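These notes are about the structure you will find just below.
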Amino acid sequence: MAKITKQSDNFSKWYTDVILDADLADYGPVKGTMVVKPYGFSLWTNIRDSLNKMIEDSGHDNAYFPLFIPKSFLEKEAKHVEGFAKECAVVTHSKLISEEGSLTVDPESKLEEEIIVRPTSETIIWHMFKKWITSYRDLPLKVNQWANVVRWEMRTRLFLRTSEFLWQEGHTAHATKEEAMKETLEIVEIYRTLFEDYLAIPTIIGRKSNLERFAGADETFSIETMMRDKKALQAGTSHYLGTNFGSAFDVKFQSKDNKEHPVYATSWGVSTRMVGALIMVHGDDKGLKIPPKIAPTQVVIVPINPKKENSEEFSSFVMKVEKKLTHLDIRTHIDDLDESPGFKFNKWELKGVPIRIEIGLKEFDNMEVTVCRRDNSEKYQIQIDKIDEISTILQSIQDNLFNDAKTFMDNNTCTVSSFADFTDTLSKNNQFIKAYWDGTDETELKIKEKTKATIRCIVEDNEDSSNKCIFSGETAKHLVVFAKAY
RNA sequence: CGGGGUGUAGCGUAGUCCGGUUAGCGCACCGCCUUUGGGAGGCGGGGGUCGCAGGUUCAAAUCCUGCCACCCCGACCA
């Protein structure tokens, strides 16, 4: 384990170093693929379980739809095609021929209809919804799936954009527009809770502009987050799909009065990209800082007894501490490997474990433990009979991580009223910028071209005609957040 | 697909220009001993079709030809 690059030297390199050295993930053999290693997967599992509970508690059922989608499905919704056509993995054959140890594709096995590996599942889900929805009694239909999807990206980065990634995608069908919109917004609130209360990541939430909207959606709400390099990361989206997929797949229902009606849809998802956000929001030059609620290990115990004095009594003391913590439902790990204490301290800081407990002969004699916090490096002793204070400390770390990140985002978000101030702020500070916008694609594109900043989301609609677009000077339609984004 | 670059042990590299000992070094790995409260040290050891194929030569990591892979910048994309 070598020293990781400093954030200030090269933020990208720091990011990659942390992931590889903390054992979260490794590169797969096919370009753009990632192996999620046990430590990283355990982190993902904790996030997944927290979110899954909220999804189920709000009336959604989990299901699983196939990885393979007939190519023709993708053609049915015009905008959806455009959005995903250029990044699809396509299955064209079903056989290989083995000749002297080398394999070639058997041209005889060419498929009648080519198969797409799902980049997202709206099409196959709405194909099935057509079979399942005929009556008002079938609505609302609310399903979710945990799955892998494939998007053949040209530039990839661990967790942030990999060719294949894990996510959750929810798909719902509703009788009315109002109900579907309500669902879309309910999900946004679930995501907000996940990000703020579990991942300790502050959010900016709003609608996407026309240009940034999901392919096939009437309205996209996004969860935007600020990384430590002040770039924005879209960390989750919830789409109101209107009747686009319902009509593309010819789904209708009959109401009580025997009339035919269109079906309204939503879809929403968050992915392993969240892990990338977590790393870049909380991490520092020592490595990760994982919020206690989702940390694979919440407390690591490092026993220090080189000369093995009172070996039996000492190790039973260590075990006793572990047992007490486990009883408090704290995920605890004893690091008894044959490495030096200093090495272990650095290793667990790199891995972002919220609390380290050091137990040496001093602590053993005094019936206490030394506690060291990852978030602020505070170090102090706690008597063994007051060990349940650890729970309080974990909560305090959770809060502290959120507050730190919130302060950072607030301190790096500003409001400007002229384009000169806009470019100036970007070049000097690269902040999130709130500004008025006239609502046109043209303005958005020109600003992107000139500054590389994009509209992350619309935070407010503007009613006041004295507010002007910072670029065109026309009456503003919306107050939006601009930023350079991942 | 344009422009640039790189392929030598698990990782990072020296050697390539100017062909010539057994391809060297650091990290990691294995063994023994000493160590252990902020990334321990000593000694010993294992591991290489020098990206692939062909050619030139008494002799190729090194020169020539072809191919392949990967990286960076752009384009594309979240």
Side-chain angles (χ1 to χ4, degrees), chain A residues 1-5 10 12-13 16-17 20-22 26-33 82-88 102 119-120 149-165 167 208 211-215 217 220 222-225 227 231-237 239 269-274 276-277 285-287 301-309 314 335-351 356-366 368-372 374 377 379-381 448-449 452 454-457 483-486:
Chain A
M1 224 179 308
K3 280 209 167 160
I4 58 173
T5 307
N10 183 342
S12 289
K13 185 82 175 11
T16 308
D17 282 357
L20 297 176
D21 288 355
D26 204 348
Y27 291 102
V30 174
K31 189 173 144 61
T33 61
E82 258 176 64
F84 287 104
K86 280 176 279 182
E87 52 187 57
C88 279
S102 81
T120 178
V149 288
V150 169
R151 296 181 188 176
W152 213 264
E153 304 284 0
M154 311 210 65
R155 274 297 284 255
T156 55
R157 297 192 65 193
L158 294 170
F159 287 111
L160 293 184
R161 186 178 292 107
T162 44
S163 312
E164 178 190 3
F165 56 93
W167 76 345
K208 282 291 188 189
L211 291 173
E212 296 271 334
R213 189 177 295 147
F214 175 73
T220 288
S222 78
I223 318 292
E224 299 291 329
T225 56
M227 306 298 104
K231 281 172 83 173
L233 182 73
Q234 175 183 304
T237 44
H239 314 291
V270 291
S271 71
T272 33
R273 178 181 262 197
M274 281 189 288
D285 284 344
K286 287 179 173 176
I301 300 174
V302 179
I304 304 165
N305 185 11
K307 302 216 165 72
K308 308 242 187 300
E309 294 173 45
F314 179 81
D335 185 356
D336 52 9
L337 293 179
D338 185 22
E339 293 162 341
S340 73
F343 185 87
K344 289 179 184 176
F345 296 168
N346 285 291
K347 176 176 71 179
W348 292 108
E349 280 164 3
L350 174 60
K351 283 171 161 300
R356 177 179 73 242
I357 286 182
E358 300 169 18
I359 303 177
L361 293 171
K362 260 187 301 180
E363 288 84 355
F364 173 61
D365 289 339
N366 299 334
E368 63 183 20
V369 296
T370 296
V371 170
C372 187
R374 176 64 180 90
S377 302
K379 204 166 173 174
Y380 42 83
Q381 278 70 42
K448 182 178 178 181
E449 201 180 300
K452 292 202 168 170
T454 52
I455 295 178
R456 302 322 304 154
C457 63
K484 290 181 187 167
Y486 273 97

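Everything numeric here is computed off the predicted structure, so don't read it as measured data. Lettering of chains follows the sequences in order, A, B, ..., and the numbering in each one begins at 1.
Across C52(B) and C33(B), the matching P atoms stand 41 Å from one another, rounded to whole Å. Rounded to whole Å, the C1' atom of G44(B) lies 41 Å from the corresponding atom of G5(B). For the C1' atoms, the distance from C50(B) to C63(B) is 16 Å, rounded to whole Å. As rounded to the nearest Å, A40(B) and U22(B) have P atoms that lie 39 Å from one another. Using atom C1' as the reference point in both U16(B) and U34(B), the two lie 44 Å apart (nearest Å). Nucleotides C58(B) and G3(B) place their C1' atoms 43 Å apart, quoted to the nearest Å. When the P atom is compared between G51(B) and A14(B), the two are found 14 Å apart, to the nearest whole Å. Taking atom P on both U62(B) and G66(B), the two are 16 Å apart, rounded to the nearest angstrom.
When the nearest nucleotides of RNA chain B are assigned to Tyr486(A) and Ile304(A) by heavy-atom distance, the more 5′-ward of the two goes with Ile304(A). Of the residues near RNA chain B, Lys452(A) and Glu339(A), the one whose nearest nucleotide (by heavy atom distance) lies more toward the 5' end is Glu339(A).
Side chain to side chain, Thr5(A) and Asn10(A) fail the donor-acceptor criterion of an N or O pair below 3.5 Å.
For Lys362(A), there are no side chain to side chain donor-acceptor pair (under 3.5 Å) partners, not counting sequence neighbours. For Thr162(A), there are no side chain to side chain donor-acceptor pair (under 3.5 Å) partners two or more places apart in sequence or in a different chain. Here Ala232(A) pairs with Glu224(A), Phe432(A), Arg456(A), Ala483(A), Ala485(A) under the side chain to side chain contact (heavy atoms under 4.5 Å, CB included) rule; sequence neighbours left out. Scanning for side chain to side chain donor-acceptor pair (under 3.5 Å) contacts around Thr220(A) gives His239(A), with sequence neighbours left out. Checked against side chain to side chain contact (heavy atoms under 4.5 Å, CB included), Glu363(A) has the following partners two or more places apart in sequence or in another chain: Ile359(A), Glu368(A), Thr370(A). By the salt bridge (Lys or Arg N to Asp or Glu O under 4.0 Å) test, Glu358(A) pairs with Arg356(A), Lys379(A), sequence neighbours left out. Applying the side chain to side chain donor-acceptor pair (under 3.5 Å) criterion to Arg157(A), with sequence neighbours excluded, gives no partner residue.
Among the heavy atoms of the strands lying under 4.0 Å from Gln234(A) are primed sugar atoms or P, OP1, OP2 only; no base atom is included. Among the heavy atoms of the strands, none lies under 4.0 Å from Arg456(A). Using a 4.0 Å heavy-atom distance criterion, Leu361(A) is classed as a base contact. Among the protein residues, Lys362(A) comes within range of the nucleic acid bases, having at least one heavy atom under 4.0 Å from a base atom. The residue Arg151(A) sits apart from the nucleic acid: no heavy atom pair falls under 4.0 Å. Within the nucleic acid shown, Lys379(A) comes within 4.0 Å of at least one base atom, counting heavy atoms only.
Distance Arg157(A) CZ to C72(B) C1': 14 Å, rounded to the nearest Å. For the pair Phe345(A) CZ and U36(B) C1', the computed distance is 10 Å after rounding to whole Å. In this structure, the CD1 atom of Ile357(A) is 18 Å from the P atom of G38(B), given to the nearest Å. To the nearest angstrom, P of C11(B) lies 16 Å from CG of Asp17(A). Gln381(A) has its CD atom 11 Å from the C1' atom of G37(B), to the nearest Å. Following rounding to the nearest Å, Asp338(A) (CG) and U34(B) (P) show an atom-to-atom distance of 13 Å. What separates NZ of Lys231(A) from C1' of C77(B) is a distance of 13 Å, to the nearest Å. Regarding Leu20(A), its CG atom lies at a distance of 11 Å from the C1' atom of C11(B), rounded to whole Å.
You'll find that the side chain of Arg356(A) is closest to G38(B), out of U36(B), C77(B), G38(B).
Phosphate proximity of C77(B) to Lys86(A): present, with a side-chain N or O under 4.0 Å from OP1 or OP2. Residue Ser340(A) places at least one side-chain N or O closer than 4.0 Å to OP1 or OP2 of A40(B).
At a threshold of 4.5 Å between non-hydrogen side-chain atoms, the residues Ile223(A) and Thr237(A) do not count as touching.
Side-chain to base pairing of Glu363(A) with G37(B): one donor and one acceptor N or O lie within less than 3.5 Å of each other. For Glu349(A) and G38(B), a side-chain-to-base donor-acceptor distance below 3.5 Å is present, hydrogens and geometry of angles not being considered.
Other residues, nucleotides and ligands contribute only 12 or fewer heavy atoms inside 6.0 Å of the NZ atom of Lys448(A). Heavy atoms of other residues, nucleotides or ligands lying less than 6.0 angstrom from CH2 of Trp152(A) number 12 at most.
One distance of note links NZ of Lys347(A) with CG of Asp21(A); it measures 13.0 Å at 0.5 Å rounding.
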**Prompt:** Under a 3.5 Å cutoff on both atom distances, Watson-Crick or G-U, what's the dot-bracket for RNA chain B ([ ] crossing, | other strand)?
**Reply:** (((((((..((((......[...)))).((((((.....)))))).....(((((..]....))))))))))))....
Hey, what are the protein-to-nucleotides 1-10 of chain B N/O distances that come in under 3.5 Å?
none

